[in-house]
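Data first, discussion second: the structure below is written as structure tokens.
Just so it is clear: chains get the letters A, B, ... in the order the sequence lines come, proteins before strands, and each one is counted from 1.
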Amino acid sequence: MSHELSKTYDPGAIEARWAEHWVREKLFSVKTPEPGSETVPVFNLLLPPPNVTGSLHMGHMFEHTEMDIIIRWRRMRGFLTLWLPGTDHAGIATQLMVERQLATEGSSRQKLGREGFVARVWEWKKHYGGSILSQMKRLGDSVDWDREYFTLDENLSRCVTEVFVRLHEEGLIYRGKYIVNWCPRCMTAISDLEVTREEVAGKLYQIRYPLAEDPKKFVTVATTRPETMLGDTAVAVNPRDPRYTALIGKKVILPLLERQIPIIADDFADPQFGSGAVKITPAHDPNDFQVGLRHSLPRINVMDDEARINENGGPYQGLDRMAAREKIIRDLEQRGLFAGTKDHTSAIGRCARCNTIVEPRLSMQWFVAVKKQPAKGGMTLAEAASRAVSEGHIRITPENYKTIYLQWMENIYDWCISRQLWWGHRIPAWHCGDCQETTVAREAPQKCAHCGSSRLEQETDVLDTWFSSALLPFTTLGWPQATRDLQVFYPTSLLITGFDILFFWMARMIMMGCHFMSPPHRPGLPEGVRPTGSDCLRESVPFREVYIHALVRDADRQKMSKTKGNVVDPIAITEKFGTDAVRFTLASMASPGTDVAFNESRTEGYRAFANKIWNAARFMFMNLDRVGGSLTAGASPEAMQRLENRWIYSRFYRVAGQVNASLSDYRFDEAANTVYQFFWAEFCDWYLEIIKPALSGPQDEARAALAVLGNVFEGALRLLSPFMPFITEEIWHAMYEGKPPAKSIALARFPELDKKRLNDEAEEQMTVLQDLIVNIRNIRAEMKIEPKAKTPAKIHGGADVQHLIQENRGMVERLASVNGIEFVSESLAQDAGARTTPKFEVAVVYEQKVDAAADRDRRTKELKKLEGQLANAQRQLGNEQFLSKAPAKVVDGLRKQEVELKNLIGRIRAALDNLG
RNA sequence: GGGCGGUUAGCUCAGUUGGUUAGAGCGCGUGCCUUACAAGCACGAGGUCGAAGGUUCGAGCCCUUCACCGCCCACCA
């Protein structure tokens with residue numbers, strides 16, 4: 001029989017099969033809708049492209065789980081959903097990886113030459129790249145595999161060139177010698193963002209610079225990097241510093257190199273700091289560079305690409321910067337020009353990729369001007385990006401990231417986009433060997449645009465990896481052509497990403513999106529309907545919403561890192577517990593603003609949950625086999641006569657509403673917990689237990705019960721499907737015995753709140769019955785009544801309660817192990833072990849003696865608690881202010897509570913008195 | 001130097017616009033192989049919500065200060 005499930009839940013046996021099936025059947029491929037079919041709402045999500053060198057780590061799995069839940073949910077809610085996958089060529093990371101590989105072969109990129117090396121990287125990519133994609137397939141990410149891209153694909157590369165050229169035409173890209181962060185190991189410039197700062201307890205070295213006119217006198221300067229003194233071209237003092245005013249314009253002798261350099265006046269020198277005089281090295285410090293500009297100072301670069309002292313360093317040429325530092329200090333000491341050190345903590349910068357200390361260094365680079373107005377007018381990149389968020393065209397969740405983003409955008413500097421690498425998008429610029437000018441063009445030009453010379457050589461630098469990824473929201477949709485995709489799917493709906501690439505990627509996408517998807521760059525806009533200002537931003541933003549997720553840490557809240565050896569491998573954990581269980585773990589722990597401390601015991605618990613679902617399904621199928629009928633017939637009017645059915649439907653539709661609401665707010669944890677609670681506690685523990693007698697009753701009754709069971713179960717599967725796509729798919733197909741109404745449960749409809757199906761009365765009544773049953777179980781446990789022994793129960797309560805219990809007598813007797821209920825008119829409070837609640841009193845008839853002392857203790861404790869509550873209620877009710885200021889609802893509630901409490905307390909007190 | 005977040009049960013975390021008795025999972029204790037599930041079932045114990053003030057009829061929630069932990073951003077030599 002096709003609906004047979006194996007006796008034990010084995011995720012390994014079902015997951016791989018469905019994962020392959022979904023890909024093979026192109027289940028999640030999206031056809032571009034024809035013009036005129038815009039009635040379907042669109043939901044588009046761009047996958048943050050993983051590095052092509054990467055393999056899946058827990059952070060990915062977390063992020064992907066969130067994205068997949070959202071996209072599956074939206075899809076099931078009837079949206080046309082596009083989730084576009086791809087990988088990033090990851091310039092530095094990939095180049096480093098292949099270089100390492102070459103090193104083991106005794107080769108190097110220099111030996112291979114540029115072309116050979118790039119070919120080798122492609123070769124590497126073909127064999128090893130994108131392993132993360134197959135891992136994504138195994139996890140069931142419901143992306144559109146037909147649209148997979150790689151950032152170095154030809155079409156995307158053309159877009160990169162196009163964007164570069166256009167920015168250059170607008171005057172927003174320039175080339176020049178500026179101080180950049182230089183990594184001597186990667187031998188490339190890196191952007192400010194790629195530098196990680198580290199507080200280090202270091203030294204401040206104090207050096208004496210003798211005055212030229214009187215070498216016995218000197219000015220003392222301080223530095224954290226003594227070796228840079230070789231490039232000093234001035235000493236600056238504050239013009240208002242009385243100690244130095246007389247010296248301004250005079251010269252000092254730069255020790256060791258014996259060069260004369262001027263003493264200049266500049267506000268940059270802070271009289272409060274150190275001696276008040278500061279050495280100026282325009283080629284190795286951004287501040288000094290600015291001072292140098294103001295005073296037209298020479299800029300002497302004293303280091304080569306590997307941070308060794310170059311020919312400008314005289315006798316120190318060839319030394320590594322650190323070796324040079326030591327030697328310089330020794331030499332200064334010998335000459336009596338070293339004035340000692342002071343402890344000083346400073347933030348040194350390290351290369352985010354290889355951890356080498358970066359060197360601020362003057363070099364020729366390309367930059368994007370983010371605060372400059374485009375030649376043809378319009379907003380600066382930074383202004384557009386700022387306003388897109390501050391004016392609410394992009395909503396950021398959690399909200400506090402909005403402030404962080406806006407502050408960053410406020411203080412942003414020009415973006416250094418050139419990298420001295422070989423792997424990446426080569427900059428489309430050609431330098432002329434004759435006039436030295438540069439020509440920027442879409443295709444390799446034949447002649448220099450400036451002098452007509454044909455001695456042209458292409459720029460050797462490539463672009464920062466983030467330059468191309470900043471464009472993905474529109475380049476993946478066919479820009480610069482006016483494609484249908486661009487029209488339908490831009491802007492994307494949502495970006496889900498971690499805060500670690502907030503600035504690297506999100507901010508840059510906003511800058512580029514707002515610029516290039518506005519006039520005059522946006523394709524397909526008819527003349528005359530070009531929006532402006534805020535309207536324009538609304539249409540040009542790369543995404544409407546951003547959800548920033550937290551970090552996945554290990555169970556001890558430590559950052560996962562290879563060096564610490566605490567990395568949890570998602571594939572291994574998935575194989576152990578099943579993808580569904582891992583996904584559910586991550587979802588249930590994804591509360592906004594809090595890092596996820598990944599704990600295997602949680603996953604173990606959710607595997608148990610999957611097992612629960614599995615066994616509930618087996619229970620259902622077992623009954624189907626026995627009584628026949630249909631799982632998909634739906635509830636009959638007769639079935640709805642029964643309280644448990646009215647109740648479970650009401651609960652189901654209420655829970656559906658809650659899950660939808662939670663997902664709308666990206667509260668994955670809330671959504672997951674709600675559905676977990678519903679399925680396990682309400683559906684399995686109560687509902688299934690209640691209907692067991694009906695299922696083994698007369699055939700028509702059994703079939704009616706089964707129909708409701710199947711109906712609710714099927715709905716629950718759809719509710720669970722975005723969280724646990726595999727197990728729900730498996731069971732769902734089994735329910736339809738090979739003839740499902742859709743190719744996949746992922747294409748079925750997600751349950752929604754249906755107010756007509758809610759039944760407050762049924763829910764209240766079930767609550768009373770559950771309360772009664774739990775109380776009886778409780779008494780039985782306390783009396784140590786053997787689980788198998790059934791006992792009569794006595795109940796005292798109002799007519800409505802009596803009626804309710806009478807109607808559902810079978811349920812109560814069965815679930816509470818009771819064999820007979822007697823309704824009594826007098827209070828039961830004095831019966832041994834009796835329970836007293838506002839709605840009823842209940843006692844169990846059992847000959848065995850109760851532990852009288854324990855019984856007393858329990859009641860005394862309860863009494864005390866109730867008395868505390870009563871005192872509190874009465875205190876408030878006696879307060880004029882409370883009565884006049886608190887809302888009527890609260891006051892009434894408290895009054896009602898007071899009456900109830902008095903009643904309860906009276907009865908319990910009487911019972912205690914009687915018990916002696 | 002700026003800015004942000006956290007502190008609630010043994011552990012990991014929820015706690016809606018302040019409102020009547022602060023919740024969940026795991027763990028723990030007791031008892032159960034009850035014909036879907038021992039990856040299970042039933043029952044239970046466990047919290048003066050980091051500290052001190054303040055606002056309010058009423059504070060886990062709002063305000064102030066402090067303590068501890070964590071993160072981000074910063075061109076003071």
Looking at U21(B), I'd like to know if its phosphate oxygens (OP1 or OP2) sit under 4.0 Å from a side-chain N or O belonging to N872(A). yes
Just how far, in rounded Å, is P of U20(B) from CG of D892(A)? 14 Å
Whole-Å gap separating P (C41(B)) and CG (N611(A)): 10 Å
Describe the nucleic acid contact of G605(A) in one word from base, sugar-phosphate, nothing, applying a heavy-atom distance below 4.0 Å. nothing
Expressed as a whole number of Å, how far does the P atom of G18(B) sit from that of C32(B)? 50 Å
Could you verify whether a donor N or O on one side chain and an acceptor N or O on the other, from Q677(A) and T674(A), lie under 3.5 Å apart? no
OP1 or OP2 of C26(B) under 4.0 Å from side-chain N/O of R602(A): no
Does OP1 or OP2 of A36(B) have a side-chain N or O of K692(A) closer than 4.0 Å? yes
Is there a side-chain polar atom (N or O) of W680(A) under 4.0 Å from OP1 or OP2 of C41(B)? yes
Touch check for A873(A), heavy atoms < 4.0 angstrom, all strands: base, sugar-phosphate only, or nothing? nothing
In whole Å, I'd like the distance from the CD1 atom of I785(A) to the P atom of A42(B). 18 Å
At under 4.0 Å between heavy atoms, what does F609(A) touch on the DNA or RNA strands: base, sugar-phosphate, or nothing? nothing
Considering every strand and a 4.0 Å limit on heavy-atom distances, what is the contact class for L894(A): base, sugar-phosphate, or nothing? base
Counting the atoms with a prime plus P, OP1 and OP2 as sugar-phosphate, which does A610(A) contact under 4.0 Å by heavy atoms, base, sugar-phosphate, or nothing? nothing
Taking 4.0 Å as the cut-off, does a side-chain nitrogen or oxygen of K885(A) come that near to OP1 or OP2 on G19(B)? no
What is the nucleic acid contact for R607(A), judged by heavy atoms within less than 4.0 Å: base, sugar-phosphate only, or nothing? base
Taking any heavy-atom pair under 4.0 Å as a contact, classify R667(A): base, sugar-phosphate, or nothing. sugar-phosphate
Pi-cation contact, F683(A) with K612(A) (under 6.0 Å, within 45°): no
Here the distance between atom P of G1(B) and atom NE2 of H344(A), to the nearest Å, is 12 Å
For RNA chain B, what string of dots and brackets results from 5' to 3' when Watson-Crick and G-U pairs need both distances under 3.5 Å, crossing pairs get [ ], and pairs with another strand get |? (((((((..((((.....[...)))).(((((.......))))).....(((((..]....))))))))))))....
Whole angstroms only, please: what is the OH-C1' distance between Y209(A) and A77(B)? 11 Å
Reckon N673(A) has a side-chain N or O less than 4.0 Å from the OP1 or OP2 of G25(B)? no
Quick one: do the D669(A) and S588(A) side chains pair a donor with an acceptor below 3.5 Å? no
